[in-house]
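Model, not experiment: these values are computed from the prediction.
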Amino acid sequence: MNRWSNRENKLNRIEQLRIFCMAAESANFREAAVRMGISPQVVTRAVKELEASFGELLFHRNTRQVRITTFGERLMHRARESINALDDLFLDNNHRNDDALRGIVRITAPGTLTRTYLLPVLNRIALDHPHITLDLRLSEIITDAVDDKIDIGIRIGFLRDSRYVARAVAKVAFFVCASPQLIARCGTPATLEELVQCPMSAVVDRNTGRIWPWYFADGQQVAPRLPAFITDDPDTERRAVLDGVAFGQLPAFLAMPHIRSGALVAVLQDLAPSPWDLYVYRPQRGPVPARVRLVFDALLDALSSAGDFPMQPDAMT
């Protein structure tokens, strides 16, 4: 019999707090109910009883979403610490370790990085720790990790939000490159003025809907005037560049394997921009659960040791 089934009519305060914490860590009340093996009605009742006890709303609720309030966020941290301390009284060391590595870890990352660099380490974690559920969302859009309840994020570029604990794990260089066939047709541009006369690819920034400019040394920028190919997916842009459709400015982790093989040729290297930082970050939400720390540290190690993030654009040997 489910341990909650004979208690649905009368929940004690500890059970209410456990349900509340699970609801705060879940996308909605229904997900919390599934994870705890109880009905959604029990979750709703527990939250309402706590709200009545504290005289404060714990969640903003409407027909589309449930979002924790500021008071609810503070209560969740205090409740989680108290519940963990109470659980420690009844668990020996082995049980504590097992319980710490259990639950969901939500991750957001660009798809262009994930397939080659992240999936191997994440799949290894999933095999070694079957009680950890990895919820991986692929997106080039900068996600608000705090509002969207993301545990770990990975991004390239600028990250100055003080709500995050961020670690810069590598520098990502950028290459202007093209296929040998396209260079044979159009020649090798030696200046930015010559580059804009060549067929160029363009990538749409999904955050703004505008086309990303191409960046160069000394703060110079070039916008493709008449793009030969437009997409909002960097991996699709790489395919078009490989097929000789256009010149492209590709990050090192997309370009380097093809430059090494000769499928792409880098040009204008003396005008290469400064490399961008590759970040692994997490929100500052109090104590870090062991399962989140495990995944965070594994991603740091995997990305900092990857060989396709050279510090300098000419590091191609």
Side-chain angles (χ1 to χ4, degrees), residues 27 64-65 67 105-119 122 134-164 166-178 195-196 199-216 219-243 245-258 264 273-283 299 303 306 308-309:
R64 293 185 300 169
Q65 64 179 353
R67 190 179 295 273
V105 178
R106 295 183 174 86
I107 307 161
T108 179
T112 48
L113 278 174
T114 299
R115 296 173 183 88
T116 301
Y117 301 99
L118 305 186
L119 273 184
L122 293 177
L134 298 172
D135 184 343
L136 176 61
R137 304 303 171 97
L138 306 184
S139 175
E140 308 298 328
I141 297 175
I142 299 174
T143 301
D144 190 320
V146 175
D147 289 346
D148 293 347
K149 296 186 174 68
I150 296 298
D151 295 305
I152 300 171
I154 297 170
R155 281 294 172 262
I156 300 167
F158 310 101
L159 194 67
R160 298 191 178 97
D161 197 318
S162 62
R163 296 178 299 170
Y164 300 149
R167 290 278 301 277
V169 295
K171 295 286 187 180
V172 179
F174 287 83
F175 297 90
V176 175
C177 50
L195 174 65
V196 297
M200 299 171 65
S201 63
V203 174
V204 176
D205 181 353
R206 293 177 184 173
N207 294 286
T208 64
R210 296 191 291 270
I211 289 177
W212 276 101
W214 292 26
Y215 294 89
F216 295 93
Q220 298 178 84
Q221 296 184 17
V222 168
R225 294 176 184 172
L226 294 172
F229 187 85
I230 304 173
T231 181
D232 64 353
D233 176 56
D235 201 42
T236 301
E237 179 194 26
R238 171 176 61 173
R239 185 70 260 170
V241 174
L242 279 169
D243 289 345
V245 175
F247 283 78
Q249 187 175 52
L250 304 180
F253 56 86
L254 291 181
M256 285 294 292
H258 306 295
L264 291 178
S274 298
W276 289 15
D277 285 314
L278 171 64
Y279 287 100
V280 181
Y281 65 94
R282 59 177 174 79
L299 292 175
L303 291 173
D308 290 331
F309 305 112

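- Note that CZ of Arg206 is 4.0 Å distant from CG of Asp232, once rounded to the nearest 0.5 Å.
- The heavy-atom pair separating Met200 from Val196 by the smallest distance is SD-CA, 3.7 Å.
- Across every non-hydrogen atom of Phe247 and Val241, the tightest pair is C-CG2, 4.2 Å.
- Take Glu237 and apply the side chain to side chain donor-acceptor pair (under 3.5 Å) test, not counting sequence neighbours, and it matches Ser201.
- Asp151 has its side chain out of reach of Ile107: every pair of non-hydrogen atoms, C-beta onward, lies at least 4.5 Å apart.
- With sequence neighbours excluded, the residues that form a side-chain contact (heavy atoms from CB on, under 4.5 Å) with Arg210 are Thr208.
- For the atom pair CD1 (Ile154) and CG (Leu118), the distance works out to 4.5 Å, reported to the nearest 0.5 Å.
- With sequence neighbours left out, Arg239 forms a side chain to side chain donor-acceptor pair (under 3.5 Å) with Asp243.
- The backbone N or O of Pro234 lies less than 3.5 Å from no partner atom in the side chain of Arg238, so there is not a single donor-acceptor pair.
- One finds the CG atom of Leu250 at 8.0 Å from the CG atom of Leu242 (value rounded to the nearest 0.5 Å).
- Residue Gln249 is tested with Pro273, Cys177, Pro213 for a side chain to side chain contact (heavy atoms under 4.5 Å, CB included); the sole match is Pro273.
- For Arg167, there are no salt bridge (Lys or Arg N to Asp or Glu O under 4.0 Å) partners at least two apart in sequence or on another chain.
- Closest of all the heavy-atom pairs between Arg115 and Gly111 is NH1-O, 2.8 Å.
- Every residue two or more places apart in sequence or in another chain that forms a side-chain contact (heavy atoms from CB on, under 4.5 Å) with Thr236 is listed here: Phe229, Thr231, Asp233.
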**Request:** Go through the steps for Trp276 and Phe174 under the test ring pair (Phe, Tyr, Trp, His ring centres under 6.0 Å), then give the verdict.
**Result:** CA-CA 8 Å; Trp276 289 15; Phe174 287 83; 5.2 Å; yes

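- Heavy atoms only, all atoms of each residue included: Ala170 and Leu303 are closest at CB-O, 4.3 Å.
- To the nearest 0.5 Å, atoms CH2 (Trp214) and CD (Gln221) are separated by 13.5 Å.
- A search for side-chain contact (heavy atoms from CB on, under 4.5 Å) contacts involving Arg137 returns Asp135, not counting sequence neighbours.
- Taken to the nearest 0.5 Å, the OG1 atom of Thr108 stands 5.5 Å off from the CD1 atom of Ile150.
- Looking at residues two or more places apart in sequence or on another chain, you find a side-chain contact (heavy atoms from CB on, under 4.5 Å) between Ala168 and Asp277, Tyr279.
- Between Leu299 and Val169 the shortest side-chain heavy-atom distance does not fall below 4.5 Å.
- Between Arg155 and Pro110, the closest heavy-atom pair is NH1-CD, 3.1 Å.
- Of the residues Ile156, Leu278, Thr116, the one that meets the side chain to side chain contact (heavy atoms under 4.5 Å, CB included) test with Phe253 is Ile156.
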